[in-house]
Amino acid sequence: MKSVVVFRTHGGPKVGLGHVRRCLNLGREIAQKDRHLIFILGEDLETLRLVQSYGFDTVTVKSNGGERRTLDIIDQYKPDIIVADSYELTSDQLNVFQGRARLVVIDDLADRYLPAHMVINGSLGAREFDYKNKARPDAVFLCGPDYLLLAEEFSHLPKRSIRSKVERLLVTLGGSDENHFTLQLVRWIE
């Protein structure tokens, strides 16, 4: 019987796709270890389609008030591991998750207590974040760019030299531009 990994994350026009993309990148690696993955997502159809395009099982919950359904899904599948990546999840909700399975939290901010067994933060300055009083005493921390959850196509790029003059520039705002900043940024860069 395959062990089960449940991902609880959020994505859509208001929050972008960064959390979902990180989970998908981690999920692709975990799936190679013959695990059954289930993504618990909000009701955004584009996010749902994106995750399903990777071949992962999905379950949707209401964005507001979906906590009970999330726990029902977790109790139904009885995962070995829960991966949580969302600013919307509170410390109390994460605490309930860690009582049901090993909890991995993907974090960027170190802004709340994380009752996780493992914390992953691939941010450049993450090694300097003070997680000591913001996590379980036995938590494992994977911090810094070595733990950035990049897609496979970006993980083995050759070294590049830095030019003295900028010749090309990529502007991206993630999975959405709800406030229509792209045009303003392009004008500013010009």
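Predicted model only: the values in this text are computed from it and were never measured.
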**Prompt:** Passes ring-ring contact (aromatic ring centres under 6.0 Å, His included), His10 versus Tyr87? Steps please.
**Reply:** CA-CA 8 Å; His10 291 94; Tyr87 300 139; 9.8 Å; no
**Request:** Dump the intermediate steps for side chain to side chain contact (heavy atoms under 4.5 Å, CB included) on Ile82 and Val104, then the final yes or no.
**Result:** CA-CA 6 Å; Ile82 299 170; Val104 175; over 6 Å; no
**side chain to side chain contact (heavy atoms under 4.5 Å, CB included) between Leu142 and Met118, intermediate numbers included** = CA-CA 8 Å; Leu142 304 179; Met118 178 181 288; 3.7 Å; yes
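Environment of CD1 in Ile189: crowded, with over 12 heavy atoms of neighbouring residues, nucleotides or ligands closer than 6.0 Å.
At a threshold of 4.5 Å between non-hydrogen side-chain atoms, the residues Ile38 and Pro79 do not count as touching. With contacts defined as side-chain heavy-atom distances shorter than 4.5 Å, the pair Arg136/Tyr113 qualifies. Looking at Cys143 and Tyr131, their side chains come closer than 4.5 Å, going by heavy atoms from C-beta outward. In this structure, the side chains of Asp107 and Ile120 stay at 4.5 Å or more apart for every pair of heavy atoms. Side-chain atoms of Leu26 and Cys23, non-hydrogen and from C-beta on, never get closer than 4.5 Å to each other. Side-chain contact between Leu24 and Phe56: present, with at least one pair of heavy atoms (C-beta onward) separated by less than 4.5 Å. No side-chain heavy atom of Gln93 sits less than 4.5 Å from a side-chain heavy atom of Arg8. Between Leu50 and Arg21, some side-chain heavy-atom pair lies under the 4.5 Å cut-off.
Salt bridge status for Arg127 with Asp146: present, with a side-chain N to carboxylate O gap under 4.0 Å. Salt bridge Arg102/Asp80: absent, no basic N to carboxylate O contact under 4.0 Å. The pair Glu190-Arg187 does not meet the salt-bridge criterion, since no charged nitrogen lies less than 4.0 angstrom from a carboxylate oxygen. For the pair Glu88 and Lys14, the salt-bridge criterion is not met [side-chain N within less than 4.0 Å of a carboxylate O]. Ion pairing between a basic and an acidic side chain is recognised when a charged N comes within 4.0 Å of a carboxylate O; Asp130 and Lys134 show no such pairing.
If you check the side chains of Ser91 and Arg112, you find no donor sitting under 3.5 Å from an acceptor. Residues Thr90 and Asp92 have side chains that never bring a donor and an acceptor to within less than 3.5 angstrom of each other.
Interatomic distance, CD of Gln76 versus CZ of Arg69, reported as 8.0 Å (0.5 Å rounding). Atom CG of Asp111 is separated from atom CG of Leu114 by 7.5 Å, given to the nearest 0.5 angstrom. To the nearest 0.5 Å, atom OH of residue Tyr147 and atom CG of residue Asn121 are 12.0 Å apart. Rounding to the nearest 0.5 Å places CD1 of Ile81 at 9.5 Å from CG of Leu37. The distance from the CD atom of Gln32 to the CZ atom of Arg28 is 8.5 Å, given to the nearest 0.5 Å. In this structure, CZ in Arg22 is found 4.0 Å from CG in Asp85, a value given to the nearest 0.5 Å.
Checking each of Leu41, Asp72, Leu71, Ile73 against Val61 for a side chain to side chain contact (heavy atoms under 4.5 Å, CB included) leaves exactly one that passes, namely Ile73. Checked against Ile40 for a side chain to side chain contact (heavy atoms under 4.5 Å, CB included), the options Thr60, Thr9, Asp57, Ile74 give a single hit: Ile74.
When all heavy atoms of Asp44 and Pro13 are compared, the pair lying nearest together is OD1-CD, 3.4 Å. Scanning both residues, Thr47 and Gly12, for their nearest heavy atoms gives OG1-N, 3.5 Å. What you find for Ala116 and Ala139 is that their closest heavy atoms are O-CB, 3.4 Å.
In terms of hydrophobic clustering, with Ile, Leu, Val, Met, Phe, Trp and Tyr side chains grouped at heavy-atom distances under 4.5 Å, Val140 and Ile106 are assigned to a common cluster. Hydrophobic clustering of Ile, Leu, Val, Met, Phe, Trp and Tyr side chains at less than 4.5 Å, counting indirect connections, unites Val5 with Val51. Linking Ile, Leu, Val, Met, Phe, Trp and Tyr whenever their side-chain heavy atoms come within less than 4.5 Å puts Trp188 and Phe181 in one cluster. Linking Ile, Leu, Val, Met, Phe, Trp and Tyr whenever their side-chain heavy atoms come within less than 4.5 Å leaves Leu169 and Val186 in two separate clusters. Val105 and Val20 end up in different hydrophobic clusters when Ile, Leu, Val, Met, Phe, Trp and Tyr side chains are linked at under 4.5 Å.
Judged purely by atom type and a 3.5 angstrom limit, Lys33 has no side-chain atom pairing as donor or acceptor with the backbone of Ile30.
Ring geometry, Phe39 versus Phe7: the interplanar angle falls under 30°, so the pair is classed parallel (tilted spans 30 to 60°).
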